[in-house]
Protein chains: 2
Amino acid sequence: MGRGKIEMKAIENQCNRQVTFNKRRKCLFKKANELFVLCDAQVAVIVFSNTGKLFENASSSMKRILERYSTVSGLQLCQNEYEHMLCEFATHRTENEKLHDKLRHMQGEDLDSLPPSELDHLQQTLELAARKVRDRRVVGLERKWAFLNQGVYENQNGYGQASCEAAVVSPVGNALPLPEFRVQPVQPNLHNTEY
Amino acid sequence: MGRGKIEMKAIENQCNRQVTFNKRRKCLFKKANELFVLCDAQVAVIVFSNTGKLFENASSSMKRILERYSTVSGLQLCQNEYEHMLCEFATHRTENEKLHDKLRHMQGEDLDSLPPSELDHLQQTLELAARKVRDRRVVGLERKWAFLNQGVYENQNGYGQASCEAAVVSPVGNALPLPEFRVQPVQPNLHNTEY
DNA sequence: CCAGCTATATATAATTA
DNA sequence: TTAATTATATATAGCTG
């Protein structure tokens, strides 16, 4: 079409090719639009020039058309991402199951699934943990005791509220880390409200 | 174009519309292909007729073109699925973190983050679990002992390998559930290879 | 609903500015 | 380059079978 018929093969002359590309692309989009208007069709055209530039034309939202296309054609457009996600899911689930199992063992359940050597190790772990918790509770109780004791001591001396300085030099004889205690006093009931 | 110029609006006559749709669609695809051949462009055309039928034409794999489109245009084609996945991920992660925290507490770590009442409960849980594990180990050891004892007994009587029946009627005097033991013998080293 | 036909409308290759 | 011009090639609306 034009002054002369042209062969249907790639146009060698770069300049001519560019000109033809622009003319024909514009026309293609126009025709696509006419199809949409005249025949009430949904049309999407995507063109990448040989220089990599993107041109697009759609009768409505390109996203909607491509989603419809994906649904109708069954083409999974995000297959790679999807499979990657599935893989990560599996990893998470496995990890979760392992943690669950471990927790159950730590609670003395499902012990049948453990070999004796693991049982041995589990018992050691549990006893160590129980000791740590016990120690921790003792420390907490000692602090509480120290706090009460200190209050009694100062009340006995008629000082009313204890100041920080008073606490540092208080005659409580044990080696508890009282300075730290002053900065962050143990307040059980405050913590309880958070759980 | 044709015998007479037509208005650029939807063709009312259903039959005419269908005929025009087919003619124009075919031509659109032809033009798309010419653009591809003449100008070395990548072209994809998607058309849905007003009856919902899908027609498509692409210079190469439609999937590849649409993926390229998605990349270049930044259009997230699977946004809904993607967001749903992200949501599930967050749930999994949260659950994992909770389990992790709980496990650490069960191992006597991070105890500072627990209020005293929880410490109390934790200690009870640990001690109960330790007791269960201890009991279980005792049962295991007793079974082992019974097994050895039984072997000694039968060797003393010159029977060689102990048969199942022999195990059931063996004169081991304790009340251990030996039948179960026979079905699933405790094999520590077999299990060890799996961990 | 398809396939031709044909008169016109469009598209466009080559050319010119 | 890019934009107009123009001679021709295509596309196609309305027919007919």
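Chain letters run A, B, ... following the sequence lines, proteins first and then strands; every chain starts at 1. It should be emphasised that the depicted structure is a prediction, and the values quoted were computed from it without experimental measurement.
- Shown here are the salt bridge (charged side-chain N to carboxylate O under 4.0 Å, His left out) partners of B:K102, two or more places apart in sequence or in another chain: there are none.
- Counting only distance, with no hydrogens or angles, the side chain of B:H105 and the backbone of B:D110 share a donor-acceptor pair below 3.5 Å.
- There is a side-chain donor-acceptor pair under 3.5 Å between A:R25 and A:N22.
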> How does each nucleotide of nucleotides 9-17 of chain C score, in 5' to 3' order, for protein heavy atoms under 4.0 Å: base (B), sugar-phosphate only (S), or none (-)?
Replying inline: BSSBBB---
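- Side chain to side chain, A:E127 and A:Q123 meet the donor-acceptor criterion of an N or O pair below 3.5 Å.
- Summarising the geometry, the separation between CG on B:N13 and C1' on D:dC15 is reported as 14 Å, rounded to the nearest angstrom.
- Rounded to an integer number of Å, the gap from CD of A:Q18 to P of D:dT2 is 7 Å.
- In this structure, B:F89 and A:F89 have parallel ring planes: the angle between them is below the 30° cut-off, well short of the 60° mark.
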